[in-house]
Asks: 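Pasting in a structure now, in structure tokens, and then I'll have a few things to ask.
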Amino acid sequence: MCPQLRRSEWGFQRKCPFSFEPDEEPDQQLFKAFDCWIKIGLIKGHQRTDIHVKYEHHNEHLTKTLNFGTTATNQKSWLYVLHEPKQWLSDDKEFKNSGGKVDWDQQSALEKYILGGRLACSFSWTEVDQVYIPVNVETLKHWILLVLDISTRTITVYNSLKGDEDDDTIIREKIEPMATLLPILLDFLGLFTERKDDYGSAPFKVEHCLDNPQQDNTYVTYFLFLFCLRIVILVLILVFNFVLCNDSGDCGVFVIKYAEYLMHGYAISEVTQDKMHFFRRKLTFELYSHAMDKEENQVVSDLERD
């Protein structure tokens, strides 16, 4: 029997959904109660990734809509696929329905992110040194993290599944066009003028992190995550077309945690495979708590802006 999940006892009510300590454990009683609640009403075969509704009908639909600012849901299965190992997280439907193409002329989304006009908590890239960008390598069906250091004009690649020479070549071929086109875009938007960068549209240098932790090659996942911190901007702009990681296990969760640990100045050597399930549970718990606070206590998320 599950402990009672009393919302009135949670007391989060903070604008950012996530704790500022990556390894911080939530209240154990509430954490266990949430884990237990996630398992109530599951249907037979819920672990299968081709079954998208994981619960019996009367347990699938939440009594309140969870509004995360960038997406909203009233389905418990949305939480399940983030919480449980070997599940693929849901994608951005607008991007999926577009066939994987974004109309920049109409949305101007990339320009808004760069100029600081997309998120309530974001800054113009003129005000920060580092930008964290996840990239899907479609050929490998795998997610990697790029860290753009604008001050040194360097892109560092964090790949949780290294080792194959052919795969490394594919990743290099994926990153090189970005290293060429990004400075051209930033120069066009006047970013280098404001930063007094005389190199302008010259290509960025690309480096590969050699000692980041690696994942077990055991299962597949993909994810949507968006996070922002005051000192540096973290732009994890993820839109998915139901792609899978290359037999890679938690490639998406590794990217999330690489970025979070790097932002906080923690050693990414602590981002290990054995912590992945904890990280999933914690993300789900904190997102659910924050969404319920917004609904019940009129908490306003820092991540919302039209």
Side-chain angles (χ1 to χ4, degrees), residues 1-7 10 17-18 26 30-100 134 136 138 141-143 218-226 236-253 255-256 276-296 301 303:
M1 184 174 178
C2 293
Q4 191 167 359
L5 198 61
R6 296 179 182 272
R7 281 287 311 141
W10 288 34
F18 310 106
L30 295 174
F31 206 20
K32 290 178 181 178
F34 182 79
D35 284 344
C36 188
W37 174 76
I38 280 286
K39 299 183 185 303
I40 294 175
L42 288 167
I43 64 172
K44 185 177 180 180
H46 57 85
Q47 301 96 333
R48 290 172 49 186
T49 56
D50 60 336
I51 294 179
H52 302 297
V53 177
K54 308 292 186 179
Y55 295 91
E56 300 167 349
H57 179 74
H58 64 282
N59 285 294
E60 169 66 7
H61 297 285
L62 304 173
T63 56
K64 298 181 183 297
T65 297
L66 307 180
N67 186 344
F68 302 110
T70 57
T71 189
T73 184
N74 65 352
Q75 296 178 319
K76 194 174 179 180
S77 293
W78 191 97
L79 297 168
Y80 173 94
V81 295
L82 176 59
H83 186 273
E84 294 297 311
K86 304 185 181 180
Q87 297 295 316
W88 311 336
L89 307 194
S90 53
D91 68 336
D92 181 276
K93 293 181 180 178
E94 181 178 349
F95 183 82
K96 180 186 69 173
N97 294 336
S98 73
N136 178 252
E138 295 93 342
K141 296 178 174 143
H142 178 57
W143 290 92
T218 54
Y219 57 88
V220 295
T221 185
Y222 62 91
F223 74 100
L224 168 63
F225 183 75
L226 182 63
L236 298 186
I237 313 165
L238 298 184
V239 282
F240 302 94
N241 198 21
F242 286 97
V243 293
L244 312 180
C245 295
N246 181 19
D247 296 329
S248 60
D250 289 302
C251 60
V253 182
V255 167
I256 291 171
M276 288 298 115
H277 190 202
F278 166 74
F279 289 147
R280 280 176 168 269
R281 293 169 55 223
K282 184 175 184 238
L283 286 170
T284 313
F285 174 78
E286 292 181 330
L287 280 170
Y288 176 80
S289 174
H290 181 67
M292 294 299 290
D293 279 339
K294 291 175 65 178
E295 175 67 26
E296 297 178 0
S301 172
L303 299 179

Asks: Please give me the minimum heavy-atom distance between Phe279 and Val253, naming the atom from each residue.
Replies: CB-CG1, 4.1 Å
Asks: Only counting residues at least two apart or in another chain, list the ones meeting side chain to side chain donor-acceptor pair (under 3.5 Å) with Lys76.
Replies: none
Asks: Measure across Ile43 and Val53 and return the closest heavy-atom pair with its distance rounded to 0.1 Å.
Replies: CD1-O, 3.2 Å
Asks: Is there a side-chain contact between His83 and Arg280, using heavy atoms and a 4.5 Å cut-off?
Replies: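 Result no, sub-4.5 Å side-chain heavy-atom pair not found.
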Asks: Write down the atom of Ile51, the atom of Gly45, and the distance for their closest heavy-atom approach.
Replies: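 Nearest pair, atom of Ile51 first, then Gly45: CD1-O, 3.3 Å.
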Asks: Could you tell me which non-hydrogen atom of Ala72 sits nearest to which non-hydrogen atom of Thr65, and how far apart they are?
Replies: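 Nearest pair, atom of Ala72 first, then Thr65: CB-CG2, 4.2 Å.
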Asks: How long is the gap from NE2 on His290 to CG on Asn67, to the nearest 0.5 Å?
Replies: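 Those atoms lie 9.0 Å apart.
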Asks: Would you mind reporting whether Glu60 and Ser77 have side-chain heavy atoms less than 4.5 Å apart?
Replies: yes
Asks: For Lys282 and Phe278, what are the C-alpha separation, side-chain angles and deciding distance, and is it a side chain to side chain contact (heavy atoms under 4.5 Å, CB included)?
Replies: CA-CA 6 Å; Lys282 184 175 184 238; Phe278 166 74; 3.8 Å; yes
Asks: Identify the heavy atoms of Leu30 and Phe285 that sit nearest to each other, and give their distance.
Replies: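 That closest heavy-atom pairing would be O-CE1, 3.7 Å.
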Asks: For Phe34 and Tyr288, take the angle between the two ring planes, folded into 0 to 90°, and tell me which bin it lands in: parallel under 30, tilted 30 to 60, perpendicular over 60.
Replies: tilted
Asks: Could you state the interatomic distance from CG (Leu62) to OH (Tyr55), rounded to the nearest 0.5 Å?
Replies: 9.0 Å
Asks: Using the rule given for side chain to side chain contact (heavy atoms under 4.5 Å, CB included), can you reason through Ile38 versus Glu84, listing the C-alpha separation, both sets of side-chain angles and the distance that settles it, and then say yes or no?
Replies: CA-CA 9 Å; Ile38 280 286; Glu84 294 297 311; 4.2 Å; yes
Asks: Using the test side chain to side chain contact (heavy atoms under 4.5 Å, CB included), find all partners of Thr73 that sit at least two apart in sequence or belong to another chain.
Replies: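 Once residues adjacent in sequence are excluded, the partners of Thr73 under the side chain to side chain contact (heavy atoms under 4.5 Å, CB included) criterion are Leu66, Phe68, Gln75, Trp78.
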Asks: So which heavy atom on Leu42 is nearest to which on Glu56, and how close?
Replies: O-OE2, 4.5 Å
